[in-house]
Protein chains: 2
Amino acid sequence: MNKDLLPGTLEMLVLQTLLRGPLHGYAIAQSIEQVSDDLLQVEEGSLYPALQRLLREGWVTAEWGVSARNRKVRTYLITPEGRAQLEREVSSFERLMKGITQVMKPVEEA
Amino acid sequence: MNKDLLPGTLEMLVLQTLLRGPLHGYAIAQSIEQVSDDLLQVEEGSLYPALQRLLREGWVTAEWGVSARNRKVRTYLITPEGRAQLEREVSSFERLMKGITQVMKPVEEA
DNA sequence: TTGTTCATATAGATTTCCTATGGATAGACG
DNA sequence: CGTCTATCCATAGGAAATCTATATGAACAA
């Protein structure tokens, strides 16, 4: 099992995070870590490629700006297509989770 | 999101399945699919490499035998190390799930 | 001026999974 | 008897996602 993330869930987490409002990359990572009480770690080498994928698919848009700390940042915004994709990801994830839960149910001892 | 499995969970599912008793590969796949009500699909191209990994790590042992359908089968048995590994995988998985759940909590509208 | 935090990004390696393929045998069905 | 389907094992090759490591640079604190 992965130490930082459950593989395959990063894009869903990013889209969900952007549902609360536009954020730049670094802030997205921080948000996921904080909201998860540091149960999840988002490595930069995972995040930025994921954002590239989301951009390429049209699920987010981005524009350059300046952060509250006066640094050059690229701010991401979820698109309507991104919202639809998020819904698909969530229902797929829930489906798989349901399956896993059933398999992982405790074994009844004889 | 993956259509068949949540990436990174297959070994945990296999070890858990073997907790109920030794099974051969094909039967492991069938068991996971049936117990999950077909929410999970286990492709042979995923399963057999996973079993090789489990063998290599010493988490299962295997021996050749004959199935109830009179076919030559390789039956897998979870080892004590495998049980310990399963516990680690489960707690890691639960930790990640908890983090995901927190991030995926509905956004409160203003 | 030195170090730390913030911030973006890519290259490369690793891992895992899926698709496709290649066997082989048992048993059903015609 | 021949063919088809289901059972069973396994690997090769490719695709995708993640992590490690690295590079770059600005802002700010000490």
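Sequence lines set the chain letters: A, B, ... in the order given, protein chains first and strands last, and positions in each chain run from 1.
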If you round to the nearest 0.5 Å, how far is CG of A/Leu86 from CD1 of A/Ile78? 5.5 Å
Atom pair CE (A/Met97) and OG1 (B/Thr101), whose distance is rounded to the nearest 0.5 Å: 7.5 Å
Residues two or more places apart in sequence or in another chain: which of them pass side-chain contact (heavy atoms from CB on, under 4.5 Å) with [X]?
{"X": "A/Glu81", "value": "A/Trp59, A/Thr79"}
{"X": "B/Asp37", "value": "A/Gln102"}
{"X": "B/Glu43", "value": "B/Asp4, B/Gln41, B/Ser46"}
{"X": "B/Tyr26", "value": "B/His24, B/Gln30, B/Glu44, B/Tyr48"}

Contacts satisfying salt bridge (charged side-chain N to carboxylate O under 4.0 Å, His left out) that involve residues 14-34 of chain A (not counting sequence neighbours) are none
Contacted region of DNA chain D by chain A, from 5' end to 3' end of the hits, cut-off under 4.0 Å to heavy atoms, spans D/dA17 to D/dA27
Donor-acceptor pair, distance only, cut-off 3.5 Å: does the side chain of A/Arg95 make one with the backbone of B/Leu39? yes
Keeping the roles fixed (side chain from B/Ser31, backbone from B/Ala27), state whether a donor-acceptor pair exists under 3.5 Å. no
Quick one: B/Leu6 CG to C/dC17 P, roughly how many Å, whole number? 10 Å
Round to a whole Å and report the spacing from CD of B/Glu44 to C1' of C/dT16. 17 Å
May I ask you to list the residues of residues 10-35 of chain B, by number, that have any heavy atom positioned under 4.0 Å from an atom of DNA chain C? B/Leu10
Show the atom names and distances, to 0.1 Å, of all donor-acceptor pairs under 3.5 Å that link a side chain in residues 10-19 of chain B to residues at least two apart or in another chain.
unit_1	atom_1	unit_2	atom_2	d
B/Glu11	OE2	B/Arg53	NE	2.6
B/Glu11	OE2	B/Arg53	NH2	3.4
B/Gln16	NE2	A/Lys105	O	3.4
B/Thr17	OG1	B/Leu13	O	2.7

Which residues in residues 45-68 of chain A have at least one heavy atom lying under 4.0 Å from any atom of DNA chain D? A/Gly45, A/Ser46, A/Arg53
Nearest-nucleotide 5' precedence on DNA chain D, A/Gln41 against B/Thr75: B/Thr75
Which atoms form the tightest heavy-atom contact between A/Ile28 and A/Leu51, and what is the distance? CD1-CD2, 4.1 Å
Could you run down the sub-3.5 Å N/O contacts of the protein with nucleotides 23-26 of chain C?
unit_1	atom_1	unit_2	atom_2	d
C/dT25	O2	B/Arg71	NE	3.3
C/dA26	O4'	B/Arg71	NH2	3.3
C/dA26	N3	B/Arg71	NH2	3.1

Give me each pair satisfying side chain to side chain donor-acceptor pair (under 3.5 Å) with a member in residues 61-70 of chain B, each pair once, sequence neighbours excluded. none
For A/Arg88, give me all partners under side-chain hydrogen bond (donor to acceptor under 3.5 Å, both in side chains), at least two apart in sequence or on another chain. A/Gln85
